[in-house]
Each structure stands twice: as structure tokens, then as C-alpha cells.
Novice: 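Handing you this structure, nothing more for now.
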Amino acid sequence: MTENLKRSEAHRRAEYLELDGYQIDLDVTEAPSSLATFGVVSRIALTSSETAETFLDFIGPEVSEVRVDDAVVHFTFDGARIYLEIPAGKHTIEVTARGTYSTSGEGLHRFRDPVDNETYLYTQFEPADARRVYPNFEQPNLKATFAITITAPRSWVVLSNGAEVSASEAGKNSLGDDVVRHEFATTKRMSTYLTAFIGGPYHEFKDVAEVDGQTIDLGFYCRTSLKDHFDIDDIVTVTKQGLGVLPKVFDYPYPWGKYDSVFVPEYNLGAMENPGCVTFSEDAYVFRGQSTRSQRANRANTILHEMSHMWFGDLMTPVWWDDLWLKESFAEFMGAWAMVAATQYSEGWENFAGSRVAWALRNDQYPTTHPIVADIVDLEAADQAFDGITYAKGAAVLRQLVAWVGENDFFAGAAKLFKDRAFANATLHDLLDALGEVSGKDVVSWAKQWLESAGVSTVAVERRPEGVQLRQVGTEPLTGLSITRPHLLKVSGWRIEDGVLNRVASVDVELTQTQLVEWEAIGGEGIDLILPNDEALSYIKIAFDERSLQAAMAHELADPLARSVVSSALWEMVRDGLLSAADFADFVVRSGEGTGSGLLSSRVMNAVAALRTFTPIQTRIESLSSFFDAAATKRASEDADVRLIWTRAVARAGELLVDRDDVVVELLAQTTDQDLRWMLLTARAATGSLGTDDLDAELARTGTAADVVAYLEATASLPGASADALAKVVAGGLSNDHVQALINGLRQPLRAGETAAAVGDYFARLEDIWTTHSQEIAERIIYGLYPMSDLDSASPQRNAQVLAADEWLATHEQAPASLRKIILDCRHEHLRMLRAQVTRW
């Protein structure tokens with residue numbers, strides 16, 4: 001079975017094929033039954049410039065017939081490709097097939113709600129899983145129109161990219177339910193991975209947005225059992241605000257007719273930008289208990305991120321996945337930009353600088369780092385390109401580009417690109433041409449430095465009598481050359497006043513290698529903190545001078561965005577072994593009441609993670625206990641967000657602290673929020689302070705889908721549960737969320753030895769896991785079970801599991817590149833952890 005489409009194969013097909021349109025007939029009438037498959041007919045109108053042996057993509061159990069211009073033709077099918085000959089000229093290919101319902105979140109996912117036993121369907125196709133539902137040419141540059149029909153039970157809401165134009169009776173299914181055939185309006189030209197098929201008894205909210213004379217019908221959907229938790233007012237408000245601003249700034253009206261937002265279960269991503277029918281993770285964005293402003297702001301960011309894709313990615317689509325950044329970096333940038341420009345969540349850039357940039361820096365320092373414009377040779381590589389470099393680094397670099405060319409020229413260039421490449425495909429060069437023409441600047445040279453190189457540089461700060469010396473240091477990991485990227489920075493000076501750092505003065509600085517900033521420009525020699533990346537305009541790490549570091553550790557900055565920049569810089573010092581986890585935790589505990597919930601949540605999460613892994617085993621419990629006690633005290637805040645964030649910290653830290661169980665028990669007695677209850681129960685399970693009967697009783701009292709997932713994690717956290725949990729994970733058949741829940745339990749630090757014994761020789765099992773599971777599930781298992789053992793010698797490099805990883809990499813050079821990437825990245829993360837543990841503070 002040849003699932004892994006290569007870029008060269010896709011380019012070859014595009015040389016002779018031009019697609020006109022698809023007609024897709026999907027039959028999911030039996031979805032409520034136990035039948036594992038569904039029927040589909042795919043008709044493709046196309047023109048071939050030559051007679052060619054070609055293939056359609058389809059991953060499914062059966063292809064029963066292939067017709068070309070109504071004549072049955074010979075074909076072969078290997079489970080992933082349908083091989084046939086296409087004569088030169090205009091033709092219609094019709095394929096009749098059966099696909100398989102998914103439980104992994106790839107393709108057509110089927111979910112049964114344990115509350116009411118109702119069945120829900122949704123699709124997730126990016127980068128190449130439309131082929132799991134209908135036969136097609138699965139590459140982004142073979143765009144076409146789509147006329148979709150879905151036959152489903154009458155009681156269901158059924159959605160696709162276009163508006164419904166008719167619904168007709170279609171008999172009954174095997175369960176005796178009436179079924180209806182829904183026909184949807186033909187779409188504009190788009191890529192296969194953007195098609196959407198939704199079905200189930202979703203609860204519906206309707207509205208309308210009026211935008212400069214354009215009426216956009218809005219639909220909002222969630223599972224019926226979640227409707228009372230659906231924050232419709234905020235979701236609708238943000239959606240309308242986004243639709244109000246983006247067509248204006250892009251100088252192009254919303255192109256896709258209606259705009260549906262569907263919140264779905266067991267979703268692998270945060271959301272997906274299907275034109276006219278955006279899907280969102282209900283787990284991430286439907287809050288059945290208490291939520292913080294930070295969580296709601298993250299939801300707003302995601303809504304706006306996906307909405308910007310209606311232009312960046314849907315209207316104009318990359319030719320191949322090398323230019324994935326061309327849509328994802330822009331959407332990441334626009335999510336934060338539109339939050340600030342149009343919504344109440346004006347902390348968009350603060351949250352970006354305080355947490356998202358950390359994702360970029362993490363990925364960019366792995367041995368498998370890549371340029372923002374990546375070299376994506378096949379679909380397996382494409383699947384792993386959805387990373388912090390493509391998203392967050394790209395967005396941080398775009399922020400630098402906007403600062404350099406100016407916001408007006410940036411958006412004018414984007415608008416030109418949309419007009420030039422509407423309903424077609426584009427490359428980096430198309431973008432650069434548009435930006436260069438509008439701005440008059442040499443964006444090609446800028447792009448070579450920023451987009452076509454990898455790694456991150458550090459701006460080091462040195463106090464001198466004549467001023468502040470800024471120096472860019474760093475090595476491009478792919479070439480070994482020094483990084484000399486051009487930075488437009490805002491450098492500022494800060495002074496401690498009444499216990500708070502206040503900005504005294506700032507100056508714009510252009511930095512390539514070294515630059516001297518005169519004292520007068522930033523407030524004089526007496527300033528306490530020098531911040532070389534104020535306003536988070538560039539993508540750098542910061543090496544503070546000693547006085548600035550001490551000031552940053554002891555005092556909050558008055559400006560929220562600058563506070564996020566400093567916090568991010570301190571976290572990178574922890575990861576680099578330059579600041580102890582314990583000292584960072586003390587810094588976090590000192591966080592003032594005015595710290596926004598987004599930054600506070602990020603700080604607290606990082607502190608707990610560092611204390612759990614970066615502290616030496618000999619002092620870990622002591623450090624965690626100290627943090628736990630401080631977190632429990634912090635819960636006394638009158639601010640509901642602050643209380644919730646610190647309570648979550650208590651639960652996470654408590655997973656390792658047997659002697660703090662009495663505090664956890666007391667919190668449980670006070671807690672009605674079910675998600676928080678499961679966090680506290682999992683902490684008790686991890687320390688062995690309760691048993692299966694207690695967890696069974698909790699599940700029996702609640703029993704929603706989220707409770708089942710939480711229950712699985714808690715039971716897998718219990719002493720003695722590792723072998724059974726592991727067996728369930730590797731056996732297959734579980735949904736993506738259930739697999740992840742069991743893995744989370746297996747990764748409990750107090751279960752490390754037990755889990756290692758159950759796994760046995762991890763490296764000997766890798767290839768079997770990779771080949772017997774879908775890529776989504778295989779990645780979850782391999783990342784999740786990687787043996788992050790603690791330090792067992794004075795040298796991190798001599799750790800037994802590091803040596804085992806080295807041996808596997810040396811003896812498996814021919815293993816799939818995507819599998820090797822996982823091991824290389826995990827090994828790197830493991831070494832960081834061990835080096836932090838061995839450092840003597």
C-alpha cells in the first residue's frame with residue numbers, strides 16, 4: 001500500500017492534469033449502526049494533456065468500479081492508490097468505493113456520545129486525508145469545484161462547504177430510520193483537503209453578519225449534550241468582529257458564501273479552516289466548567305486564525321507543503337493582530353510573546369530544525385511540518401517584516417496577492433513579488449536571511465561606559481555560519497519605582513551584528529533593566545546583563561507586552577540550563593496580581609513542568625513541595641482566574657507529592673467543577689491515595705465523553721496499571737483521545753519505572769508501532785512513551801537511554817525520516833532535561 005505521496009509524484013501529475021470539478025456522493029445512512037464502512041461515489045471532470053498511466057488517491061477497503069466517460073475500465077487498487085490509464089483530452093472519471101469510519105481523527109471520524117448514544121460525524125483532511133473518504137487527486141495544486149451530496153438519517157444536521165440547496169427523501173436505513181439526501185451548492189475552486197462533511201444531531205445556533213453590503217449567514221454547532229455549556233454570545237461576537245475587519249484589511253470580500261463554525265469531539269487539532277464550514281475542537285473551546293479569560297482569549301485567537309485562512313490558504317493556497325508557512329504563519333500572525341484590532345481580547349500579542357514563541361524556540365533548537373520555507377519531500381514530512389516553526393516562528397518573523405515594511409504596505413501586498421492568485425495557488429516568490437512591488441524594499445534579500453535559514457540567534461546585552469553594546473550571536477545549524485539576520489528592534493530602558501519596573505525611554509535600533517546604543521537614548525546609565533526586544537518586534541533570544549537579570553527576576557514590568565517578553569526570555573534560560581527550575585519557580589510565585597491570566601497560566605505551567613523534569617531527583621520533591629505550598633496559598637486570591645490557575649498547579653504538582661494528599665482531599669471537597677475534580681482525582685491516583693472503586697464511582701456520577709477520557713487517564717495513573725494501559729494503547733481500536741489519555745497516565749513520573757518495565761525495549765518496538773498504526777496514533781504513542789529517564793551518571797551523554805537512542809539512530813539510517821525525526825527530537829529534549837539536572841547551582 002503506497003500511502004506516502006512524494007512531492008515529485010505530485011508535481012508530475014500537475015504537469016498533465018487540469019481538474020474542472022468533483023461530484024461527491026457520500027452515503028452515511030448506516031453510521032448509527034455498527035457497520036464499519038460507508039459508501040461513496042466520486043466523479044471527477046478533468047483534462048489530461050497526454051495519455052498517461054496515473055493514479056487516484058484513496059485509502060479504503062474497497063473500490064468496486066472505475067468508469068471513464070461511462071465506460072468501465074481496468075484498474076488496480078493497492079489500498080491507497082487506484083492505478084489506471086487516462087487518455088489525452090477531456091474526461092469524466094467515476095469511482096465507486098467504500099471507506100472506513102475513523103476513530104483516530106483522520107478522515108471521517110465517527111463518535112458516539114455516551115450521554116445519549118447519539119452518533120456524530122465530522123471530517124479532518126489536512127494534509128492528505130480526504131483520500132480516506134473519497135477518491136481524488138490529493139495535492140493542493142490540483143484545485144477544482146466541488147458539488148457534494150450527503151445521504152444521512154433524517155434527524156441529523158448535515159453540513160458541507162456550500163449552502164444546502166435541496167433535501168429529498170431517500171428511504172430508510174437498516175435501523176428503520178428515515179434518511180434524506182442533502183445537496184449542497186457547488187463551491188468555488190479549492191483543494192481536496194479543504195472539503196468538509198459533517199453529520200449528526202448537532203445543536204444549531206443561527207445568526208447573520210452584515211459586512212459592507214454583504215450578508216453572510218452564520219451557523220454555530222455543538223453536540224446536543226454540550227449545548228448548555230456553549231458560550232454562544234462570545235463565540236458569535238468574536239466571529240462577527242473578525243468578519244467585520246478582515247475583508248477590509250485584505251481589501252477582498254469574504255469569498256465563500258456562508259460561514260459555519262462546528263465544534264466537534266476527539267479532534268486532533270485546535271481547528272481547521274474548511275471554507276464555509278470551520279471545525280473546532282470542543283475539548284479545547286467548549287468549557288463545561290470554569291474557564292479563565294486566557295482560555296477564552298485563546299478561543300478568540302483560534303476563531304480569527306481560521307477566519308484569516310479564508311483568504312490565506314483557501315482563496316490563495318500553497319502549491320505544495322513546502323510553503324505551508326505561507327498560510328499558517330500568516331494565520332498565526334493575523335489571529336493575534338485581529339484580536340487586538342477588533343475584539344475585547346487586546347492581549348493578543350502578550351499571549352503570543354509569552355507562550356507561542358516558546359513553541360517556536362523549542363522546535364527551532366531541535367537537531368531537525370528547518371527553515372520557515374521547508375523542504376517537504378513527501379506527505380509524511382508534510383504531516384510533521386505543522387510545528388512551532390511553521391506557525392509561531394513564521395508569525396514572529398512576519399511581525400518583524402511588518403515592522404520593517406510598514407503595516408499598510410504589508411496588507412497592501414497581501415491584498416495584491418489575493419487578487420492575483422484568487423482561487424489558485426501561490427509560492428514564496430509570488431508573495432515576495434507582491435510585497436516588493438508595494439513597499440519598494442528588497443524583500444527578497446530579507447526573505448533569504450529570515451525565511452530560508454534555520455535556527456535562532458541571541459541578542460546579548462553588555463553595559464559599557466559609552467553605552468549599551470548589543471551583539472547578535474548564533475550559528476545557523478544547517479550551514480554552520482554565523483547568523484547575521486537584520487533586526488529592527490525597539491530597545492528600552494527601565495527603572496525600579498515603587499517595586500515595579502517602569503519604562504524610562506526607548507529607541508529603534510537596526511541590528512545585524514553589533515550596535516552601540518547611547519545611554520541617553522534609553523534613559524541613562526542608572527537604568528535597572530535593558531530590554532532589547534520591547535514590543536516583541538523580532539524573533540530572538542535574549543542574554544541579559546547581570547543587573548537587568550536581577551531586576552527582571554525580582555520585579556514585574558509595568559507594561560504587559562514587555563512583561564511577556566521578559567518572562568519568555570527567562571523561560572528560555574531555564575531550558576538552556578542558565579537558570580534553575582527552582583529559581584524560575586520562585587520568580588513565578590512572585591507574579592503580581594496584575595499579571596494577565598494568559599501570562600500567569602503560561603508561567604505556572606512552565607514552572608511545574610520544569611520542577612517535574614529539570615530538577616535533580618534528589619531535590620525534586622522538596623522543590624515541588626515548596627511550590628505546591630505556595631500555589632495552595634495563592635488560591636486565596638479574590639480573582640477567579642488566579643484561583644483557578646493556581647488550583648490547577650496544585651493538582652499537577654500534587655501528582656508527585658504523597659504527603660500533600662490531605663490538601664488535595666480538602667480541595668476536592670470544595671470543588672464542583674468536573675474538569676478540575678478529575679485533575680485532583682488524577683493527582684490522588686498517581687500517588688496511590690485512592691483506587692479504582694473511587695474513580696468508578698466518579699465516572700458513574702457523571703459519564704460524559706470528557707469524563708470517560710479523564711477517567712482513563714486517572715486509572716492509567718494508578719500504581720500497577722501500566723501493563724494493562726500499555727496493552728490497550730498498542731492493541732489499536734481506541735480513539736485518539738482515549739489513546740492520549742492512557743499515555744498521559746503512563747507518563748506519570750511516579751509510574752516511570754513501572755511503565756519502563758511494561759514497555760520493555762522501547763527502541764525494539766518502534767518500527768512495529770510505526771507500521772501498525774496510522775501516523776497520528778503512531779506519533780502519539782512514540783512521543784508519549786519515549787523513555788525520559790532521570791540522570792543515572794555524572795554525564796548526561798552516558799545515560800543508558802541516550803545511548804540506546806544513539807544506537808538505534810546509528811543502526812536505522814533507512815528508517816522513515818518522520819520516525820527518525822521523532823527520536824532525534826525526543827533525544828534532544830531528554831539531553832536538555834539531563835543537563836539541567838546535572839548542573840550545580
Novice: Indicate yes or no for a side-chain donor-acceptor contact from Asn298 to the backbone of Thr302 under 3.5 Å, with no hydrogens or angles considered.
Specialist: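 Such a contact is absent between Asn298 side chain and Thr302 backbone.
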Novice: Quick one: salt bridge (Lys or Arg N to Asp or Glu O under 4.0 Å) partners of Asp20, sequence neighbours excluded?
Specialist: none
Novice: According to the side-chain hydrogen bond (donor to acceptor under 3.5 Å, both in side chains) rule, which pairs have a member within residues 350-361, sequence neighbours left out?
Specialist: Glu332-Arg356
Novice: For the pair Arg12 and Glu9, evaluate salt bridge (Lys or Arg N to Asp or Glu O under 4.0 Å) and give the outcome as yes or no after the intermediate values.
Specialist: CA-CA 5 Å; Arg12 171 63 186 135; Glu9 295 175 306; over 6 Å; no
Novice: With side chains defined as the heavy atoms from C-beta onward, is the minimum distance between Ser308 and Leu246 less than 4.5 Å?
Specialist: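 Counting from C-beta outward, Ser308 and Leu246 do come under 4.5 Å.
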Novice: Sub-3.5 Å donor-acceptor pair from the side chain of Ser602 to the main-chain atoms of Gly354, do we have one?
Specialist: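 Judged by distance alone, yes, a pair lies under 3.5 Å.
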Novice: Mind checking the OG-NZ spacing from Ser568 to Lys541? Nearest 0.5 Å is all I need.
Specialist: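 Rounded to the nearest 0.5 Å, the OG-NZ separation comes to 10.0 Å.
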Novice: What residues, two or more places apart in sequence or in another chain, satisfy side-chain contact (heavy atoms from CB on, under 4.5 Å) together with Ala185?
Specialist: Val165
Novice: I need the Ile522 CD1 to Leu531 CG distance, nearest 0.5 Å.
Specialist: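 Between atom CD1 of Ile522 and atom CG of Leu531 there are 10.0 Å.
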Novice: Determine the interplanar angle of the Trp320 and His11 rings, folded into 0 to 90°, and report it as parallel if under 30°, tilted if 30 to 60°, perpendicular if over 60°.
Specialist: perpendicular
Novice: Say whether, by atom type as modelled, one donor and one acceptor occur between the side chain of Asn301 and the main chain of Met339 under 3.5 angstrom.
Specialist: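 No; zero donor-acceptor contacts below 3.5 Å.
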Novice: Please name all residues satisfying side-chain contact (heavy atoms from CB on, under 4.5 Å) with Lys188, sequence neighbours left out, ordered by chain then number.
Specialist: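 Lys188 satisfies side-chain contact (heavy atoms from CB on, under 4.5 Å) with Trp256, Phe423 only.
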Novice: Distance from Asn141 atom CG to Thr427 atom OG1, nearest 0.5 Å?
Specialist: 11.5 Å
Novice: Passes ring-ring contact (aromatic ring centres under 6.0 Å, His included), Phe410 versus Phe333? Steps please.
Specialist: CA-CA 12 Å; Phe410 174 76; Phe333 173 86; 5.6 Å; yes
Novice: Quick check against the 3.5 Å criterion: does Asn161 have a side-chain atom that pairs as donor or acceptor with the backbone of Gly276?
Specialist: no
Novice: Checking Thr343 side chain against Tyr345 main chain: does a donor-acceptor pair fall under 3.5 Å?
Specialist: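 Side chain of Thr343 to backbone of Tyr345: a pair is present.
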Novice: Would you call Asp430 and Leu417 a side-chain contact if the rule is heavy atoms closer than 4.5 Å?
Specialist: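 Asp430 reaches Leu417 side chain to side chain.
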Novice: Consider only side-chain N and O atoms of Asp323 and Trp325, and report whether a donor and an acceptor are under 3.5 Å apart.
Specialist: yes
Novice: May I have the step-by-step check of side chain to side chain contact (heavy atoms under 4.5 Å, CB included) for Gln775 and Gln384, ending in yes or no?
Specialist: CA-CA 10 Å; Gln775 186 167 349; Gln384 293 191 329; 4.0 Å; yes
Novice: State the OG-OH distance between Ser49 and Tyr16, to the nearest 0.5 angstrom.
Specialist: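 Between atom OG of Ser49 and atom OH of Tyr16 there are 9.0 Å.
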Novice: How about Trp311 and Tyr254: do any of their side-chain heavy atoms sit closer than 4.5 Å?
Specialist: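 Of all side-chain heavy-atom pairs linking Tyr254 with Trp311, at least one is under 4.5 Å.
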Novice: What pairs of donor and acceptor atoms, side-chain ones from residues 385-392 against any protein atom, are under 3.5 angstrom apart with sequence neighbours left out?
Specialist:
{"unit_1": "Asp387", "atom_1": "OD1", "unit_2": "Ile389", "atom_2": "N", "d": "3.1"}
{"unit_1": "Asp387", "atom_1": "OD1", "unit_2": "Thr390", "atom_2": "N", "d": "2.9"}
{"unit_1": "Asp387", "atom_1": "OD1", "unit_2": "Thr390", "atom_2": "OG1", "d": "3.1"}
{"unit_1": "Asp387", "atom_1": "OD2", "unit_2": "His370", "atom_2": "NE2", "d": "2.7"}
{"unit_1": "Thr390", "atom_1": "OG1", "unit_2": "Ala385", "atom_2": "O", "d": "2.6"}
{"unit_1": "Tyr391", "atom_1": "OH", "unit_2": "Glu328", "atom_2": "OE1", "d": "3.4"}
{"unit_1": "Tyr391", "atom_1": "OH", "unit_2": "Glu328", "atom_2": "OE2", "d": "3.4"}

Novice: Between Pro532 and Ile542, is there a side-chain heavy-atom distance shorter than 4.5 Å?
Specialist: yes
Novice: Examine the side chains of Tyr259 and Thr239 and answer whether a donor and an acceptor come within less than 3.5 Å of each other.
Specialist: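 Checked: Tyr259/Thr239 side chains show no N/O donor-acceptor pair below 3.5 Å.
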Novice: If only side-chain N and O atoms count, and only distance matters, is there a donor-acceptor pair under 3.5 Å linking Tyr134 with Thr195?
Specialist: yes
Novice: Can a donor-acceptor pair be found, under 3.5 Å and without considering hydrogens, that links the side chain of Glu138 to the backbone of Asp57?
Specialist: no
Novice: Pairs in or reaching into residues 434-454: which pass salt bridge (charged side-chain N to carboxylate O under 4.0 Å, His left out), with residues at least two apart or in two chains?
Specialist: Lys416-Glu437, Lys448-Glu452
Novice: Side-chain contact test, heavy atoms from C-beta onward, threshold under 4.5 Å: evaluate it for Ile303 versus Ser261 and give yes or no.
Specialist: no
Novice: Contact between Phe125 and Thr192 at the side-chain level, heavy atoms closer than 4.5 Å - yes or no?
Specialist: no
Novice: Taking Thr215 for its side chain and Glu210 for its backbone only, find out whether a donor-acceptor pair lies under 3.5 Å.
Specialist: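 No: the side chain of Thr215 does not pair with the backbone of Glu210.
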Novice: So, Ser191 side chain and Pro140 main chain: donor-acceptor pair closer than 3.5 Å or not?
Specialist: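 The answer is yes, because a donor-acceptor pair under 3.5 Å joins these two groups.
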Novice: So, using salt bridge (Lys or Arg N to Asp or Glu O under 4.0 Å) as the criterion, who are the partners of Arg471 when residues are at least two apart?
Specialist: none
Novice: Within this structure, what is the CD1-CG distance for the pair Ile198 and Asn274, rounded to the nearest 0.5 Å?
Specialist: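 Atom-to-atom, Ile198:CD1 and Asn274:CG are 7.0 Å apart.
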Novice: Do the rings of Phe330 and Phe312 sit parallel, tilted or perpendicular, given the 30° and 60° boundaries?
Specialist: parallel
Novice: Under 3.5 Å, is there a donor-acceptor pair linking the side chains of Gln400 and Tyr539?
Specialist: no
Novice: Does Lys90, at its NZ atom, have more than 12 non-hydrogen atoms belonging to other residues, nucleotides or ligands within less than 6.0 Å?
Specialist: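 Open.
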Novice: Could you tell me if Arg485 and Ser538 have a donor-acceptor pair between their side chains, going purely by distance under 3.5 Å?
Specialist: no
Novice: For the CZ atom of Arg299 and the CD1 atom of Ile235, what is their distance to the nearest 0.5 Å?
Specialist: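 Interatomic distance, Arg299 CZ to Ile235 CD1, rounded to 0.5 Å: 4.5 Å.
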Novice: So do the side chains of Leu599 and Ser567 get within less than 4.5 Å of each other, counting heavy atoms only?
Specialist: yes
Novice: Do other residues, nucleotides or ligands put more than 12 heavy atoms under 6.0 Å from Glu18 CD?
Specialist: no
Novice: Suppose we screen for salt bridge (Lys or Arg N to Asp or Glu O under 4.0 Å). Which residues come up paired with Glu306, at least two apart in sequence or across chains?
Specialist: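 Result, salt bridge (Lys or Arg N to Asp or Glu O under 4.0 Å) vs Glu306: none returned.
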Novice: Using a strict 4.0 Å threshold on nitrogen-to-oxygen distance, state whether Glu535 and Arg503 make a salt bridge.
Specialist: no
Novice: May I ask you to decide if Phe197's main-chain N or O and Thr123's side chain share a donor-acceptor pair within less than 3.5 Å?
Specialist: yes
Novice: Got a sec, which pairs hit salt bridge (charged side-chain N to carboxylate O under 4.0 Å, His left out) with one end in residues 359-373, sequence neighbours left out?
Specialist: Arg362-Glu829, Asp364-Lys393
Novice: Could you please spell out the steps behind the ring-ring contact (aromatic ring centres under 6.0 Å, His included) verdict for His487 and Trp450?
Specialist: CA-CA 10 Å; His487 296 271; Trp450 275 106; 5.0 Å; yes
Novice: Test of understanding: with side-chain contact (heavy atoms from CB on, under 4.5 Å), list the residues that count as partners of Glu407, not counting sequence neighbours.
Specialist: Trp337, Val402, Phe411
Novice: Name all pairs fulfilling the salt bridge (charged side-chain N to carboxylate O under 4.0 Å, His left out) condition that reach into residues 372-382, sequence neighbours left out, sorted by first residue then second.
Specialist: Arg7-Asp375
Novice: Looking at Pro477, is its backbone amide N or carbonyl O close enough to the side chain of Thr475 to form a donor-acceptor pair, meaning the two atoms are under 3.5 Å apart?
Specialist: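 Between the backbone of Pro477 and the side chain of Thr475 there is no qualifying donor-acceptor contact (under 3.5 Å).
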Novice: Going by atom type alone, with no hydrogens or angles, which donor-acceptor pairs under 3.5 Å involve a side-chain atom of residues 506-517 and a protein atom two or more places apart or on another chain?
Specialist:
{"unit_1": "Asp508", "atom_1": "OD1", "unit_2": "Lys490", "atom_2": "NZ", "d": "2.8"}

Novice: Please tell me if the side chains of Ile530 and Val491 come closer than 4.5 Å, counting only heavy atoms from C-beta onward.
Specialist: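 With C-beta onward as the side chain, the pair touches.
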